[in-house]
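See structure below.
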Amino acid sequence: MSNGAASRASAARIVFDVLEHGRSLSQTLPQHTEQFDGRDRAMVQSLCYGVLRHLPLLNAAIASFVSKPLKKDLLILHHLLLVGAYQLLFMRTSDHAAVSATVDATELLKKRRQKGLVNAILRNLQRQRDTLLSKLQADQDLNHGHPRWLAEQIQYAYPAQAPAIFAANNEQAPMWLRVNIQQVSVTDFITALDAYDPELRAERSNESASIPLTHAVDVRQLPGFAEGWFSVQDIAAQQAARLLEAQDGERILDCCAAPGGKTAHILELAPQATVHALDIDEQRLQRVRENLDRLQLHAHVLCGDAAKHEQWWDGELYDRILLDAPCSATGVIRRHPDIKWLRRPSDIAQLEQTQYELLDALWPMLRPGGRLVYATCSILPAENKQQIEAFMQRHADASALPTAPDGATCWQRLPGEQGGDGFFYAIVEKQL
């Protein structure tokens with residue numbers, strides 16, 4: 001059996017895991033791609049991401065050629081058909097390769113008896129592709145590729161920007177590098193990067209240490225990776241440490257710190273600061289330690305619940321606190337398209353309560369005159385602007401500072417804005 005069939009079968013299993021068992025791509029992708037080399041692994045990932053980005057339209061396309069839904073032990077074939085339909089409708093794979101490899105995958109899925117059914121459906125889709133695609137893309141509810149509840153919230157919050165948000169969420173996110181200025185100058189790193197591949201670096205951003213790439217690469221092969229010259233971090237996420245404005249000698253808390261990108265950035269900007277990196281997940285904290293070791297930076301890594309400071313806090317106040325709060329992650333859907341189908345409306349209220357509790361638990365740990373930066377990778381106002389407004393009403397000693405470039409106290413970046421993910425920031429100062 002060809003690697004093409006194996007990659008399609010694995011993609012079907014992964015999509016099945018996400019949609020039927022509620023597992024994230026980050027959980028299930030590695031388990032189903034260990035046997036593949038880099039090229040085939042990339043194909044599996046491309047298939048899975050594409051299916052999850054365009055799921056409503058692909059479901060409708062398959063339904064056009066299936067007399068009754070595939071259920072129970074045949075349900076895996078529906079997910080295989082999603083993989084086949086995505087190739088025919090959106091990928092540059094030749095029709096013959098797309099159909100034959102997908103049909104052959106039925107044997108690997110132990111559904112050989114349905115091989116003819118899968119072949120017939122895909123051949124019909126191939127023949128009627130142009131007419132069907134034109135019809136389906138005219139249906140706005142199918143074409144935006146989001147569950148109805150989420151689409152409605154985005155349209156309500158951003159009536160003018162909603163189409164652009166949907167489009168950005170369905171595109172592949174660019175790869176951004178952040179130069180570790182404690183190990184190499186930006187100029188020297190760019191020189192080394194251009195020598196490695198003159199076509200790799202995209203147009204420079206306005207942030208001197210932020211480097212956009214033209215396409216995703218294995219960063220372990222780039223110059224200076226082992227030496228800690230750079231990290232992978234989206235341009236929007238890089239604003240957190242800059243807004244914190246940590247200074248050498250200060251005592252800093254990075255709350256919900258894993259996997260450590262923002263912790264490292266704080267130390268790159270203020271290498272003599274005392275930084276505490278706190279997270280509730282010990283396993284994820286290991287990533288923080290590994291990243292700091294590679295970047296040759298040091299922080300005090302703490303495992304504990306930020307809302308229960310008696311577990312870990314030594315009682316000394318912090319000069320600055322970064323709360324990168326748990327959130328719906330609706331600003332990073334283009335990087336994690338499974339979020340659209342794993343997140344539920346009920347999750348938002350639970351996340352709002354968690355954010356509320358964390359803000360109130362951390363505020364007493366900030367010294368008078370100190371700064372708290374509240375950040376999320378969400379675009380939902382209930383988790384962002386409304387959360388900060390409610391916090392300000394509860395705390396008379398809190399003062400909102402200018403955060404956005406235009407001086408606004410709340411800064412909502414939308415997906416695709418200046419090439420970055422969707423992020424929210426607010427700076428709150430404790431009055432003396």
Is there a donor-acceptor pair closer than 3.5 Å between any side-chain N or O of [X] and the backbone N or O of [Y]?
X: Ser7; Y: Gly4; answer: yes
X: Thr191; Y: Thr187; answer: yes
X: Trp312; Y: Asp305; answer: yes
X: Thr403; Y: Ala426; answer: no
X: Glu417; Y: Leu414; answer: yes
X: Ser46; Y: Ala42; answer: no
X: Lys430; Y: Trp363; answer: yes
X: Thr354; Y: Gln350; answer: yes

Validation: residues 219-231 side-chain donor-acceptor distances under 3.5 Å, sequence neighbours left out:
residue, atom, partner, partner atom, Å
Arg220, NE, Asp218, OD1, 3.0
Arg220, NH2, Asp218, OD2, 3.2
Ser231, OG, Arg178, NH2, 3.4

Does one side chain, of [X] or [Y], offer a donor that lies under 3.5 Å from an acceptor on the other?
X: Asp17; Y: His32; result: yes
X: Glu383; Y: Thr376; result: no
X: Thr274; Y: Glu250; result: no
X: Gln412; Y: Asn384; result: yes
X: Gln387; Y: Gln355; result: yes

Nearest 0.5 Å, what's the [atom1]-[atom2] distance between [X] and [Y]?
X: Asp141; Y: Arg148; atom1: CG; atom2: CZ; result: 5.0 Å
X: Leu193; Y: Asp188; atom1: CG; atom2: CG; result: 12.5 Å
X: Leu213; Y: Glu199; atom1: CG; atom2: CD; result: 12.5 Å

[X] side chain near [Y] side chain, heavy-atom distance below 4.5 Å:
X: Leu243; Y: Trp411; value: yes
X: Ser210; Y: Trp176; value: yes
X: Pro259; Y: Arg284; value: yes

In sequence, state the C-alpha distance, the side-chain angles, and the governing distance for Asp194 and Arg201, and then conclude on salt bridge (charged side-chain N to carboxylate O under 4.0 Å, His left out). CA-CA 7 Å; Asp194 288 348; Arg201 183 169 57 91; 2.7 Å; yes
Using side chain to side chain contact (heavy atoms under 4.5 Å, CB included), reason through Leu80 and Leu77 one step at a time and then give a plain yes or no. CA-CA 5 Å; Leu80 179 62; Leu77 291 181; 4.2 Å; yes
Here the ring-ring contact (aromatic ring centres under 6.0 Å, His included) pairs for residues 245-295, sequence neighbours left out, are His276-His300, His276-Tyr318
Salt-bridge test for [X] and [Y]: reply yes if a basic N is under 4.0 Å from a carboxylate O, no otherwise.
X: Asp324; Y: Lys262; value: yes
X: Arg413; Y: Asp421; value: no
X: Arg371; Y: Asp319; value: no
X: Glu20; Y: Lys72; value: no

From CA spacing to verdict: salt bridge (charged side-chain N to carboxylate O under 4.0 Å, His left out), Arg289, Glu282: CA-CA 11 Å; Arg289 297 183 183 96; Glu282 178 58 47; 3.0 Å; yes
Go through Glu316 and Arg251 one step at a time and tell me if the side chain to side chain contact (heavy atoms under 4.5 Å, CB included) criterion holds. CA-CA 9 Å; Glu316 185 177 347; Arg251 181 177 159 91; 3.5 Å; yes
Within a radius of less than 6.0 Å around CD of Gln172, do more than 12 heavy atoms belonging to other residues, nucleotides or ligands occur? no
Would you please test His54 and Asn143 for side-chain hydrogen bond (donor to acceptor under 3.5 Å, both in side chains) and show each step? CA-CA 7 Å; His54 301 284; Asn143 200 37; over 6 Å; no
Among Arg53, Arg334, His146, His144, find the residue that satisfies the side-chain hydrogen bond (donor to acceptor under 3.5 Å, both in side chains) test when tested with Asn169. His146
Set out, in order, the CA-CA distance, both residues' side-chain angles and the distance that settles side chain to side chain contact (heavy atoms under 4.5 Å, CB included) for Met43 and Phe36, then state yes or no. CA-CA 10 Å; Met43 169 59 82; Phe36 295 117; over 6 Å; no
